[in-house]
Amino acid sequence: MAKEFSLLILPGDGIGPEIMAEARRVVDWLRTNRDLNFTVHDGLVGGAAYDVYGKPLSHETLELAKQVDAVLLGAVGGPKWDGVDYDKRPEAGLLILRKELELFANLRPAICFDALVDASSLKADLVSGLDIMIVRELTGGVYFGEPRGIEDLGNGQRRGVNTQVYTTSEIHRIAHVAFDMAAKRDGRVTSSEKANVMESGLLWREEVTRVAEDYPEIALDHMLADSCAMQLVRAPKQFDVIVTDNLFGDMLSDVAAMLTGSLGMLPSAALGVKGGSAMYEPVHGSAPDIAGEGIANPIATILSLAMALRYTFDCGVEAQLIEDAVQGVLAGGLRTADIMQPGKAKVSTSVMGDSILRALDSLNK
Ligand code: IPM
Ligand code: MG
């Protein structure tokens with residue numbers, strides 16, 4: 001019997017629609033070839049939604065996002081909306097989804113594909129075989145803390161305020177995700193904060209240490225976030241799971257992503273409580289500079305769909321098929337512009353999509 005799933009597709013802005021078109025073809029392929037019956041809903045988010053509704057996420061789209069099994073999102077933002085107020089900017093649509101769906105755990109794997117070791121800006125031996133999982137807290141910290149805002153001090157001066165804030169329970173739940181993840185991997189967690197200057201960082205360190213008592217088989221160490229950034233480019237393979245707050249996680253995951261050759265390769269999952277909502281999206285942004293040219297890399301979005309299959313739909317076999325297909329296409333020498341290397345064949349977004357579908361066909365025989 002076919003398995004039934006519901007998926008909300010939100011392509012967003014910039015290259016979002018182009019890369020999502022390729023992921024959508026993979027969804028269709030799964031329907032036809034693997035008996036997975038996806039009901040696909042479509043919606044607008046970010047600037048695309050702002051242009052139509054005057055806000056970056058409509059009430060209807062948010063309600064739909066709450067109802068479906070998973071959301072697959074492209075990317076949001078672009079210079080077109082630079083002048084828009086903060087609460088209506090494209091990025092706010094993403095933040096509302098994260099907050100309202102209570103997606104507190106952001107999993108950002110940084111895996112270096114064998115075929116791409118030479119595309120990294122680091123030496124091949126430093127990144128070959130790299131497999132890091134960044135567990136970023138996603139609904140707290142300075143992104144959401146109050147008070148916030150810009151106030152006029154009336155003397156020609158203004159004051160901008162954001163608040164970094166974490167509670168025990170917020171730290172505990174993300175720490176549990178990290179330790180559970182490490183238990184299925186290499187059994188090591190690095191927790192990263194700035195306990196040397198921030199009370200919220202000290203609390204983070206103390207509470208993660210308390211949670212670690214429940215996981216005697218996991219090795220925990222603590223690393224200041226600046227040092228962690230440095231170690232990520234010095235000796236990245238020392239890490240297994242990195243657990244960190246919303247802001248440091250944003251930065252450290254971009255650093256980790258670049259180790260793998262390109263931001264265009266990396267998927268992510270935003271998860272809440274087990275059985276709750278889930279959202280999957282590429283780590284990269286909307287890349288307005290190349291939008292509409294048909295040259296963007298669709299792999300991160302397609303791998304995000306694979307993550308959805310693994311973490312939400314419990315279809316590990318199909319997730320693996322997609323990952324193997326991507327691996328195969330890269331090994332065959334095809335490259336989008338962002339991962340282009342000498343001697344390889346440069347292909348467009350849609351040709352990369354075609355090739356992944358062909359690889360899926362032959363793996364599925
Ligand atoms: C990310 C992005 C977002 C963030 C932006 C688009 C709001 O950089 O998902 O890493 O800062 O979380
Ligand atoms: Mg980011």
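One-based numbering, in listed order, for ligands and for the atoms of each. Side-chain atoms are counted along with the backbone in the values below, which use heavy atoms only and exclude waters and symmetry mates.
The closest approach between a heavy atom of His284 and any atom of ligand 1 is not below 4.0 Å.
Shortest contact from atom 4 (C) of ligand 1 to any protein heavy atom: Tyr143 OH, 3.4 Å. Of the protein's non-hydrogen atoms, Asp250 OD1, 3.9 Å is the one closest to atom 2 (C) of ligand 1.
The nearest pair of heavy atoms linking Asn246 to Gly140 is ND2-O, 3.1 Å.
Using a 4.5 Å cut-off on side-chain heavy atoms (C-beta onward), Glu22 and Thr301 make no contact.
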Open item on the list: Is there a ring pair (Phe, Tyr, Trp, His ring centres under 6.0 Å) between Phe38 and Phe313? Walk through the geometry before answering.
Closed with: CA-CA 10 Å; Phe38 283 101; Phe313 301 127; 5.3 Å; yes
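At least one N/O/S atom of Asp250, whether from backbone or side chain, sits less than 2.8 Å from the Mg ion (ligand 2).
The distance from ligand 1 to the heavy atoms of Arg136 drops below 4.0 Å at these ligand atoms: 1 (C), 4 (C), 9 (O), 10 (O), 11 (O), 12 (O).
Because its NZ or CZ atom is both nearer than 6.0 Å to the ring centre of Phe104 and within 45° of the ring axis, Arg173 counts as a cation-pi partner of that residue.
Around atom 12 (O) of ligand 1, the closest heavy atom drawn from Arg108, Met251, Glu91, Arg98 belongs to Arg98.
Counting only distance, with no hydrogens or angles, the side chain of Lys237 and the backbone of Ser128 share a donor-acceptor pair below 3.5 Å.
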